[in-house]
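Worksheet: the structure to be examined is printed underneath.
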Amino acid sequence: MGDMRALLNKYRDRLLVRETRKNPLEVLQKMVDVKEVSFVQSEHRCYEVIENQKSRPYYAAVEQLSDGNERVVYCMMDESDELVETNCDLLLRDYKLLTGVTQRDIDEKNAHLLDYLSIFEAYEKR
């Protein structure tokens with residue numbers, strides 16, 4: 001708990017504090033255009049990020065990891081529409097930052113807050 005307090009104090013001025021959590025799918029759709037695709041035997045809803053101007057930084061990030069084959073940026077969301085997986089770390093980071101935290105997250109010092117604060121810490125260490 002002490003580590004979380006230290007992180008909270010360190011990054012308090014960078015927090016995006018919202019009254020309520022935004023709908024995760026709406027947050028994603030503000031960032032990029034997506035189309036739902038189906039994967040066999042997946043309990044998650046799967047989306048392909050449409051390649052266009054909005055998604056260019058995310059495709060560029062994935063291309064850096066490519067072995068020359070064409071890559072597709074994808075996202076998977078669980079039944080609560082929470083983003084659970086993507087093949088683009090930059091997209092995940094931006095998504096989490098735009099999702100923000102609530103005052104309740106801060107008061108409870110919960111896992112969502114720790115995850116959010118960890119983003120700042122991880123990128124500061126780079």
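Scope of the values below: all heavy atoms of this structure, side chains included, with no hydrogens, waters or symmetry mates. Source: prediction; values computed, not measured.
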Can you find a pair of side-chain heavy atoms, one from Asp33 and one from Gln29, that are under 4.5 Å apart? no
Without hydrogens or angle criteria, can the side chains of Tyr58 and Glu51 be said to hold a donor-acceptor pair below 3.5 Å? no
d(Leu28 CG, Leu92 CG) to nearest 0.5 Å is 10.5 Å
Would you give the length of the straight line joining atom CD of Glu121 to atom CG of Leu114, rounded to the nearest 0.5 angstrom? 10.5 Å
State whether the number of non-hydrogen atoms from other residues, nucleotides or ligands found under 6.0 Å of Arg18 atom CZ is greater than 12. yes
Please check this pair: side chain of Asn87 against backbone of Tyr74, looking for a donor-acceptor N/O pair closer than 3.5 Å. yes
Do other residues, nucleotides or ligands put more than 12 heavy atoms under 6.0 Å from Glu36 CD? yes
In terms of relative ring orientation, are Tyr116 and Phe120 parallel, tilted or perpendicular, with 30° and 60° separating the classes? perpendicular
Residues Tyr47 and Arg45: side-chain donor-acceptor under 3.5 angstrom: yes
Closest approach of Ile50 to Ser55 (non-hydrogen atoms, all atoms of both residues): O-OG, 2.7 Å
What's the shortest heavy-atom distance between Met31 and Lys54, and which atoms? O-CE, 3.5 Å
Passes side chain to side chain contact (heavy atoms under 4.5 Å, CB included), Leu113 versus Leu117? Steps please. CA-CA 6 Å; Leu113 176 64; Leu117 293 170; 3.8 Å; yes
Hey, could you give me the OG/NZ distance between Ser118 and Lys96, rounded to the nearest 0.5 Å? 8.5 Å
Start with the C-alpha gap between Lys30 and Leu98, add the side-chain angles, then the distance that decides, and say whether side chain to side chain contact (heavy atoms under 4.5 Å, CB included) holds. CA-CA 10 Å; Lys30 285 182 182 179; Leu98 285 172; over 6 Å; no
Verdict with supporting geometry, Gln103 and Asp107, side chain to side chain donor-acceptor pair (under 3.5 Å): CA-CA 6 Å; Gln103 187 60 50; Asp107 294 343; 2.9 Å; yes
Under the side chain to side chain contact (heavy atoms under 4.5 Å, CB included) rule, what do Leu91 and Val73 come out as? Steps first, then yes or no, please. CA-CA 9 Å; Leu91 178 68; Val73 177; 4.0 Å; yes
Any side-chain donor paired with an acceptor under 3.5 Å for Asp105 and Thr102? yes
Would you indicate whether Lys22, at its atom NZ, is surrounded by more than 12 heavy atoms from other residues, nucleotides or ligands within a distance under 6.0 Å? no
Do Cys75 and Val49 come within less than 4.5 Å of each other through their side chains, counting heavy atoms only? yes
Would you give the length of the straight line joining atom CG of Leu97 to atom CZ of Arg14, rounded to the nearest 0.5 angstrom? 9.5 Å
Point-to-point distance, once rounded to the nearest 0.5 Å, from CZ of Arg12 to CD1 of Ile106: 6.0 Å
Can you tell me how far the CG atom of Leu15 sits from the CG atom of Asp13, to the nearest 0.5 Å? 8.0 Å
Please evaluate residues Arg71 and Glu63 with respect to the criterion side chain to side chain contact (heavy atoms under 4.5 Å, CB included), reporting the C-alpha separation (whole Å), side-chain torsions for both, the decisive distance (0.1 Å), and the verdict. CA-CA 7 Å; Arg71 298 287 289 231; Glu63 284 298 319; 3.8 Å; yes
Can you tell which of Thr86, Leu25, Val34 makes a side-chain contact (heavy atoms from CB on, under 4.5 Å) with Met77? Leu25
Answer yes or no: is there a donor N or O on one side and an acceptor on the other, between the side chain of His112 and the main chain of Gly100, under 3.5 Å? yes
